[in-house]
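Comments concern the structure below.
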Amino acid sequence: MTFHQPPSSFLSTALLFMFIFPHCSSVEYDGATIFPTVKQDEKVNLCVYYESLSDTGAEFISHDLGKVFEKGLISIVNLRLIPWGKAQIVEPNETIVCEHGEDECYFNVIHACAIKAWPEQLLHFTFIKCLEETSWGPTLDKEKVWRTCCQNLKLSPNLIKDCYDNGTGRWLELIYAAETERLKPPIQFVPWLTLNGDAVGPDYGNFVKYVCEAYSGSHVPEACKEMPKSAKTSAAEKETGSLLKQMRPKWKIGW
């Protein structure tokens with residue numbers, strides 16, 4: 001059985017998709033309206049490459065990634081979840097083979113469908129977090145798992161069912177495969193995080209620190225203000241510098 005990259009036709013489609021929806025971009029978080037506006041090009045692009053039945057991925061999504069929605073951090077972040085991980089496409093029928101078996105392939109597609117169905121970041125994250133907390137062990141009724149999450153979160157299961165049944169979910173997975181294939185350095189473990197395209201590495205649990213360090217805008221969220229000075233690249237100094245820059249023309253006139 002020979003492994004190969006995604007077919008060229010899907011790579012072409014993926015490139016078009018990425019042009020329309022830029023790498024590591026996402027819609028605005030509804031809750032961001034309570035924070036000062038941050039320009040889109042100032043936001044930090046945070047991508048999480050993972051697979052649905054990885055224990056380390058589930059641990060990170062269930063216990064760590066939620067910090068991105070705390071203390072205003074999401075106001076400076078474009079968050080994207082990419083449920084592919086170390087899956088492969090194999091010959092001769094371009095079958096998707098997942099690291100943790102067929103159940104993982106199934107749930108990867110469900111995750112992809114959720115991201116499409118509910119593009120608002122907090123909404124699809126909450127649904128995926130529910131799945132990660134409930135889809136462990138021998139699952140006799142996989143559909144019941146995600147339907148239960150839909151019911152608990154008052155989300156329509158029809159959006160997921162239609163996406164899965166009509167093949168949209170698999171198509172999305174092939175796009176995620178092409179994106180993952182383009183990573184440099186290549187994915188080495190899951191979850192694999194990138195910030196503005198740069199790999200975070202094994203210290204992904206401290207992603208908040210790295211987000212604060214990567215952010216160069218003037219609005220500093222509370223999450224970054226609480227970081228040690230060395231860990232946030234002097235966020236207060238950035239804020240002061242921005243204010244001074246705004247005042248500079250007035251000084252020139254007065255002096």
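Every heavy atom of this structure was used, including side-chain atoms; hydrogens, water molecules and symmetry mates were not. In what follows, residues are counted from 1 in the order of the sequence shown. A quick note: this is a predicted structure, and the numbers were derived from the prediction, not measured.
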Could you walk me through whether F69 and F125 pass the side-chain contact (heavy atoms from CB on, under 4.5 Å) test, one step at a time?
-> CA-CA 10 Å; F69 297 103; F125 166 77; 3.4 Å; yes
Determine, stepwise, if the pair I89 / T95 fulfils side-chain contact (heavy atoms from CB on, under 4.5 Å).
-> CA-CA 5 Å; I89 299 173; T95 302; over 6 Å; no
Determine, stepwise, if the pair T56 / F189 fulfils side-chain contact (heavy atoms from CB on, under 4.5 Å).
-> CA-CA 9 Å; T56 52; F189 49 80; over 6 Å; no
side-chain contact (heavy atoms from CB on, under 4.5 Å) between S75 and H219: does it pass, once the steps are laid out?
-> CA-CA 9 Å; S75 67; H219 159 60; 3.4 Å; yes
Apply side chain to side chain donor-acceptor pair (under 3.5 Å) to N78 and Q121, showing your working.
-> CA-CA 9 Å; N78 285 323; Q121 297 168 80; 5.4 Å; no
Start with the C-alpha gap between N166 and T168, add the side-chain angles, then the distance that decides, and say whether side chain to side chain donor-acceptor pair (under 3.5 Å) holds.
-> CA-CA 6 Å; N166 66 24; T168 299; 2.7 Å; yes
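Scanning for salt bridge (charged side-chain N to carboxylate O under 4.0 Å, His left out) contacts around K129 gives E133, with sequence neighbours left out. Under the salt bridge (charged side-chain N to carboxylate O under 4.0 Å, His left out) criterion, D41 pairs with no residue at all, not counting sequence neighbours. A search for salt bridge (charged side-chain N to carboxylate O under 4.0 Å, His left out) contacts involving K161 returns D165, not counting sequence neighbours.
How far CG of L123 is from CD1 of I115: 11.5 Å, rounded to the nearest 0.5 Å. Distance check: L153 CG to C130 SG gives 5.5 Å after rounding to the nearest 0.5 Å. Note that CD1 of I187 is 7.0 Å distant from CD of E51, once rounded to the nearest 0.5 Å. Here CE of M227 is found 14.5 Å from NZ of K225. Values are rounded to the nearest 0.5 Å. The distance from the OG atom of S52 to the CD1 atom of I61 is 9.0 Å, given to the nearest 0.5 Å. Between the OG1 atom of T148 and the CD atom of E143 there is a distance of 10.0 Å, given to the nearest 0.5 Å.
Open room surrounds CD on E102; 12 or fewer heavy atoms of other groups in view lie less than 6.0 Å from it. Atom CD of E99 is surrounded by more than 12 heavy atoms from other residues, nucleotides or ligands within 6.0 Å.
Judged by distance alone, the side chain of N206 and the main-chain N or O of K209 form no donor-acceptor pair under 3.5 Å. Without hydrogens or angle criteria, H124 side chain to W118 main chain gives a donor-acceptor distance under 3.5 Å. Between the side chain of N45 and the main chain of L195, no donor-acceptor pair closer than 3.5 Å is present. Of the possible donor and acceptor atoms, one in the side chain of E120 sits under 3.5 Å from a partner among the backbone N and O of L122.
Ring pair F60/Y204 is perpendicular by interplanar angle, where above 60° counts as perpendicular and below 30° as parallel.
Annotation for G66 and E70: closest pair O-CG, 3.7 Å, computed over non-hydrogen atoms. C163 and L172 make their closest contact through SG-CD1, 4.5 Å (heavy atoms, listed as atom of the first residue, atom of the second, distance). Contact detail for E42 and S218: the closest heavy-atom pair is OE1-N, 4.4 Å. Taking both residues in full, the closest heavy atoms of E104 and H100 are given as OE2-ND1, 2.8 Å, listed atom of the first, atom of the second, then distance. In terms of heavy-atom proximity, G72 sits nearest to P221 at O-CB, 3.4 Å. In this structure, G169 and C113 approach most closely via the heavy-atom pair CA-SG, 3.6 Å.
Here H111 and Y50 bring their ring centres to under 6.0 angstrom of each other. Between Y106 and Y164, the ring center distance clears the sub-6.0 Å criterion.
Between F107 and E132 there is no side-chain heavy-atom pair separated by less than 4.5 Å. The side-chain heavy atoms of L65 and L81, taken from C-beta on, include a pair separated by under 4.5 Å. Side-chain contact between W192 and T180: absent, with no pair of heavy atoms (C-beta onward) separated by less than 4.5 Å. Residues T134 and C149 are in side-chain contact: their nearest non-hydrogen atoms beyond the backbone lie under 4.5 Å apart. Annotation: side chain of S62 is not in contact with side chain of E59 (no heavy-atom distance under 4.5 Å). No side-chain heavy atom of Y176 sits less than 4.5 Å from a side-chain heavy atom of N108. Looking only at side-chain heavy atoms (C-beta outward), L155 and F127 come within less than 4.5 Å of each other. E179 places a side-chain heavy atom less than 4.5 Å from the side chain of R80.
Checking each of V208, V48, I76, V77 against V68 for a side-chain contact (heavy atoms from CB on, under 4.5 Å) leaves exactly one that passes, namely V77.
Ion pairing between a basic and an acidic side chain is recognised when a charged N comes within 4.0 Å of a carboxylate O; E94 and R170 show no such pairing. Salt bridge status for E226 with K71: present, with a side-chain N to carboxylate O gap under 4.0 Å.
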